[in-house]
There are 2 protein chains.
Amino acid sequence: MAHEQLTLSFQLCFRVYALERELMAAYRPLLDQLGLTYPQYITMLYLWEHEKGTVGELCSALSLDTGTMSPLLKRLEASGFITRRRLPSDERTVEVSLTKKGRELEGQALSVPEHIASCLLTSDKDEQGRRYHELKLILDQALEQLRTSRKERESALVN
Amino acid sequence: MAHEQLTLSFQLCFRVYALERELMAAYRPLLDQLGLTYPQYITMLYLWEHEKGTVGELCSALSLDTGTMSPLLKRLEASGFITRRRLPSDERTVEVSLTKKGRELEGQALSVPEHIASCLLTSDKDEQGRRYHELKLILDQALEQLRTSRKERESALVN
DNA sequence: CACTACTAGGTTGCGTACAATATAACAGAA
DNA sequence: TTCTGTTATATTGTACGCAACCTAGTAGTG
């Protein structure tokens with residue numbers, strides 16, 4: 001493979017790594033006021049939209065495993081935003097629901113996207129909007145690419 | 001701000017968050033064989049290029065703070081890849097250097113970029129190369145944008 | 001029913017990330 | 001020289017993120 005492609009791949013990875021942390025740093029002061037972290041915030045976003053969901057659905061929606069999600073939900077429960085209960089129909093599955101306090105938090109979170117957008121967008125919003133739309137598409141392609149590669153690796157291990 | 005821009009920003013953040021973890025998952029099996037994590041790997045990349053550096057230089061090159069870098073370097077030292085010593089000229093500064101074992105590791109790491117590139121690039125390498133080059137530019141712009149916004153926030157706090 | 005396999009979540013251990021704080025060393029002013 | 005402020009790094013505490021393992025509940029088979 002061409003040296004340039006190897007260099008490019010490395011630079012992409014490093015930038016994604018750096019950008020992820022820079023984005024978290026942008027969210028942090030906003031979410032601090034709500035008493036949430038970013039992973040907790042996107043968990044709440046899921047619940048604000050769907051009102052409830054099982055642990056498995058949350059793991060799958062956010063691409064997180066139970067080792068991350070279980071303690072995270074425990075903390076959200078301790079903060080009083082959600083409740084957890086085992087389903088009578090299947091005692092293995094745990095259903096997560098919003099509390100009154102959790103539902104009310106949505107109102108306070110309404111300004112978060114605006115703040116983040118204003119950190120990402122500068123003067124020429126139309127031009128930048130087009131670029132970011134393009135960026136979203138490429139990120140999706142890269143994600144799908146990597147997930148496909150990972151599944152191939154994993155099934156190769158089994159066989 | 002337009003609702004579409006708010007939605008777009010959120011989707012970008014979520015995808016960067018997901019892509020970062022998917023990339024780490026792609027690196028993990030490769031780096032496991034070297035006995036490195038991704039942050040340790042990019043630390044070694046810096047040292048393979050520069051032979052040595054201070055803790056501060058490493059923090060700044062990788063955009064990590066000392067709370068992350070200090071224990072990371074301690075682990076790299078425990079693995080025998082680096083040594084640390086305080087500079088006689090300034091006892092506050094710690095200089096990190098490669099050991100023989102650390103230098104030799106570079107040879108075993110040569111195939112890593114190739115593997116990652118092959119997970120990211122599929123059939124049409126030229127077309128995809130162009131897209132990823134574009135992606136790199138947009139990531140850089142987003143990074144700079146966010147860093148500028150952050151500096152503004154921080155200096156606003158001081159004043 | 002007894003046995004086996006599978007599934008949904010939880011727990012443990014290790015390594016980041018980072019805010020907040022601590023500490024020692026240096027640098028400049030009085 | 002002493003005091004003061006700053007700098008470079010380390011430490012502590014909290015929260016991910018994930019591999020590996022554990023457990024209880026369910027489902028299918030004979």
Side-chain angles (χ1 to χ4, degrees), chain A residues 17-29 31-43 53-60 62-79 82 84-96 150 153-154 157, chain B residues 17-29 31-32 34-43 53-79 84-96 150 153-154 157-158:
Chain A
Y17 171 64
L19 182 57
E20 189 265 350
R21 284 174 296 136
E22 203 62 52
L23 281 173
M24 296 304 114
Y27 272 105
R28 201 167 297 119
L31 297 181
D32 272 353
Q33 298 178 325
L34 309 182
L36 294 176
T37 63
Y38 181 77
Q40 290 171 5
Y41 169 66
I42 57 178
T43 302
T54 68
V55 172
E57 286 165 356
L58 284 166
C59 284
S60 143
L62 311 186
S63 317
L64 287 169
D65 86 3
T66 66
T68 303
M69 191 51 85
S70 267
L72 187 157
L73 291 173
K74 213 185 252 182
R75 283 185 284 271
L76 282 179
E77 190 174 38
S79 302
I82 64 166
R84 292 189 292 170
R85 65 170 196 129
R86 300 223 167 238
L87 286 185
S89 57
D90 184 342
E91 288 281 342
R92 291 171 304 179
T93 68
V94 169
E95 186 186 70
V96 179
R150 183 149 65 101
R153 273 199 311 278
E154 281 165 5
L157 280 181
Chain B
Y17 172 64
L19 183 58
E20 189 265 350
R21 284 175 294 136
E22 202 64 50
L23 281 173
M24 295 304 114
Y27 271 105
R28 201 167 297 119
L31 297 181
D32 273 353
L34 309 181
L36 294 176
T37 63
Y38 181 76
Q40 290 170 5
Y41 169 65
I42 57 178
T43 301
T54 67
V55 173
E57 286 165 356
L58 284 166
C59 284
S60 140
L62 311 186
S63 316
L64 287 169
D65 84 5
T66 66
T68 303
M69 190 52 85
S70 267
L72 187 156
L73 292 172
K74 212 184 255 181
R75 283 185 283 271
L76 281 179
E77 189 174 39
S79 303
R84 291 187 295 169
R85 67 171 194 125
R86 300 225 166 235
L87 286 185
S89 57
D90 183 343
E91 288 280 343
R92 292 170 304 177
T93 310
V94 171
E95 185 186 69
V96 179
R150 184 148 66 101
R153 272 199 311 277
E154 280 164 5
L157 280 181
V158 173

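Letters A, B, ... are given to chains in the order of the sequence lines, protein chains preceding strands, and every chain is numbered from 1.
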For atom [atom1] of [X] and atom [atom2] of [N], their distance in whole Å:
X	N	atom1	atom2	answer
Glu22(B)	dC18(D)	CD	C1'	13 Å
Asp32(A)	dA19(C)	CG	C1'	9 Å
Arg21(B)	dT16(C)	CZ	P	17 Å
Leu64(B)	dA10(D)	CG	P	14 Å
Glu91(B)	dT23(C)	CD	C1'	14 Å
Leu23(B)	dC18(D)	CG	P	12 Å

Determine whether Cys59(A) and Thr66(A) make a side-chain contact, defined as any pair of heavy atoms from C-beta on separated by less than 4.5 Å.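 With C-beta onward as the side chain, the pair touches.
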
Side chain proximity check, Tyr17(B) to Ile42(A), heavy atoms < 4.5 angstrom: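 Yes, close enough: below the 4.5 Å cut-off.
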
Would you tell me if any nitrogen or oxygen in the side chain of Tyr17(A) comes within less than 4.0 Å of OP1 or OP2 on dA17(C)?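 Yes, such a contact exists.
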
Base, backbone or nothing for each nucleotide of nucleotides 1-14 of chain C, written B, S, -, heavy atoms under 4.0 angstrom, 5' to 3'? ------BSSBB---

Quick check on DNA chain D: between Ser89(A) and Ser63(A), whose nearest nucleotide comes earlier from the 5' end?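 Nearest nucleotide further toward 5': that of Ser63(A).
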
Going by heavy atoms closer than 4.0 Å, what residues in residues 36-43 of chain A are next to DNA chain D?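 Those residues whose heavy atoms fall under 4.0 Å from DNA chain D, taken from residues 36-43 of chain A in numerical order, are Thr37(A), Pro39(A), Gln40(A).
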
Using the rule given for side-chain contact (heavy atoms from CB on, under 4.5 Å), can you reason through Arg84(A) versus Glu95(A), listing the C-alpha separation, both sets of side-chain angles and the distance that settles it, and then say yes or no? CA-CA 6 Å; Arg84(A) 292 189 292 170; Glu95(A) 186 186 70; over 6 Å; no

Thr68(A) side chain to Leu64(A) backbone, donor-acceptor under 3.5 Å: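 A pair under 3.5 Å: no.
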
Test side-chain contact (heavy atoms from CB on, under 4.5 Å) on Arg85(A) and Val94(A); report intermediate values, then the result. CA-CA 5 Å; Arg85(A) 65 170 196 129; Val94(A) 169; over 6 Å; no

